[in-house]
Protein chains: 2
Amino acid sequence: MAPRVSTTDRIHLALREAILSGELASGSLHSIYQLAERFNVSRTPVRDAVLRLADTGMLEIERNHGVRVRGLKVDDVREVFEARLLLEVPAAAFAATHADDALVTALRACLLDFAAAVATNDEAQFQRSDRQLHTMLMAAAGNTRISAMVESLRDVTQAHGVWTADQSRTLRAIQHEHEPIVDAVAARNPDAAARLMRDHLVETAVLLMQQVAKTSGEAVPDPWPGALISRARGV
Amino acid sequence: MAPRVSTTDRIHLALREAILSGELASGSLHSIYQLAERFNVSRTPVRDAVLRLADTGMLEIERNHGVRVRGLKVDDVREVFEARLLLEVPAAAFAATHADDALVTALRACLLDFAAAVATNDEAQFQRSDRQLHTMLMAAAGNTRISAMVESLRDVTQAHGVWTADQSRTLRAIQHEHEPIVDAVAARNPDAAARLMRDHLVETAVLLMQQVAKTSGEAVPDPWPGALISRARGV
DNA sequence: GACACGCATGTAGCATGCTACATATTCACC
DNA sequence: GGTGAATATGTAGCATGCTACATGCGTGTC
């Protein structure tokens, strides 16, 4: 069985994990040559992956000089979750109005995986379930570009290193925020779905900001979500 | 010395224009090698540009077979403007609450460029002014990722070919939609700014959909904006 | 000691060589 | 003629050469 996944994708994933795990220190400078040697591949797939990561803002390419790791700052978390709020909250409401039974069934199945992951403290499975649930809701909104954007935004923050602290407590808390969302979708209650999704994302964002702040010594923005989100009602 | 532009960026732009102008027919299959020869560059920058265009959904890469042009369908316009509505309307409201005098001055200057472009029927300048105005409003929202997303969304629809029909009428109409937005921002009236931005984007989207539909023989979705947008109030 | 300048070093960007593979075509066989 | 396997063709993906350039360091000058 030939590996269906391209080398570029593999390197892309590996680089992201290396950055977010702190293996590649924030602010450090590297070269395509070094990274290619590190992963035992040629420079081409590394270059492709680096370009993609630079698009999402995780790396910064300095021409003829190297690639600098941007790490994950508190402000990055703010930006990512502001965007996710603007996109995912309406999507959740839409899903609640247009949900068919198949979607609800799939969502409920996902919740079971969730619970299992929490019970066994399996963080990788937890991440997968979380992503799957959000992805299904986004898919229901029927806008592939918005879905892709949210996926890309998730990529920036999804990391083992960031989540590990205080696992058992926060994982369970996050899980418990998902259940009422699915209930609201099942009940075809868009307002509730939107409100619950909003609360869930805000909760997650604040949690992440605090953890990132702890490791980077930054301050968490005091009034968050800020005005950009509050004003989102104006659409 | 002019700011250095990479070959990749140049090809990226050229390919996008070629696709949107119809020079590369929708659905047609090409190869990196052919395209490289066409632009008199090597395959590498073409490949980079193609990968980026594939990310935005304008091209589809078929492994070991070629790249297929996806063209611009009515549904693409719907998706792009749904996303822009979700992002730009809150941003406009935010800009209205947080605008400083410098921003207002810059916006007013932009309106003058706009009027000049319309007066001389200079579509290139029109596009630049339009983008500049929207970009300034987005920048005021203080979220670089959202700004980048909107830029990318604009890229998909910005094309000479699509706009050319009925120029003198539509250009002036679009220009006149921008003035009240700037006025609302200057008056620090976020609700008005949001409403006006929404109307402007919807108007533009419908216009684009009709033009795309005319050339592709598709039907324009009847009730637009649809439920995803209507539900956006729930944030 | 401060500073300007040239050179060595290392890099990204671009060009090109090479390979596995997806598709189209031919052709043998029934 | 219909069908399926062998072959031919062309491609993306990956590896590797090559070049202009950004940066840092040493050297010369005052």
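Throughout, protein chains are lettered first and strands after them, A, B, ... in sequence-line order, and every chain is numbered starting at 1. The structure displayed is predicted, hence computed values, not measured ones.
Heavy atoms of other residues, nucleotides or ligands lying less than 6.0 angstrom from CD of A:Gln34 number more than 12.
A side-chain N or O of A:Gln125 and one of A:Ser129 form a donor-acceptor pair less than 3.5 Å apart.
When the C1' atom of D:dG13 is taken as reference, atom CD1 of B:Ile61 falls 10 Å away, rounded to whole Å. As rounded to whole Å, 16 Å separates atom C1' of C:dT11 from atom CD of A:Glu60. When the C1' atom of D:dC14 is taken as reference, atom NE2 of A:His12 falls 18 Å away, rounded to whole Å. C:dG13 atom C1' lies 13 Å from atom CD1 of B:Ile11, rounded to whole Å. In this structure, A:Leu51 atom CG and C:dG13 atom C1' are separated by 10 Å, rounded to whole Å. Counting to the nearest Å, the P atom of D:dG24 and the CG atom of A:Asn64 are 14 Å from each other. Atom CZ of A:Arg47 and atom P of D:dG13 are 15 Å apart (whole Å). Taking atom CZ on A:Arg43 and atom C1' on C:dC14, their separation rounds to 10 Å, with Å as the unit.
Taking 4.0 Å as the cut-off between side-chain N and carboxylate O, A:Arg128 and A:Asp113 do not count as a salt-bridged pair. By the 4.0 Å N-to-carboxylate-O rule, B:Arg145 lies too far from A:Glu82 to be salt-bridged with it.
Residue B:Gln34 places its side chain closer to D:dT11 than to any other of C:dT11, C:dA15, D:dT11. Candidate nucleotides D:dA12, C:dA12, D:dA15 were compared by shortest atom distance to the side chain of B:Ser31, and D:dA12 ranks first.
Comparing A:Thr7 and A:His65, the nucleotide of DNA chain D nearest to each residue sits closer to the 5' end for A:Thr7. Nucleotides of DNA chain D nearest to A:Tyr33 and A:Asp9 differ in position, and the one nearer the 5' end is that of A:Asp9.
B:Ser6 comes within 4.0 angstrom of sugar-phosphate atoms only, judged by non-hydrogen atoms across all strands, and of no base.
Ring geometry for B:His178 against B:Phe114 counts as tilted: the plane angle lies between 30° and 60°, on a 0 to 90° scale.
Distances shorter than 4.0 Å separate some side-chain N or O of B:Thr8 from OP1 or OP2 on C:dC14. Residue A:Ser42 places at least one side-chain N or O closer than 4.0 Å to OP1 or OP2 of D:dA15.
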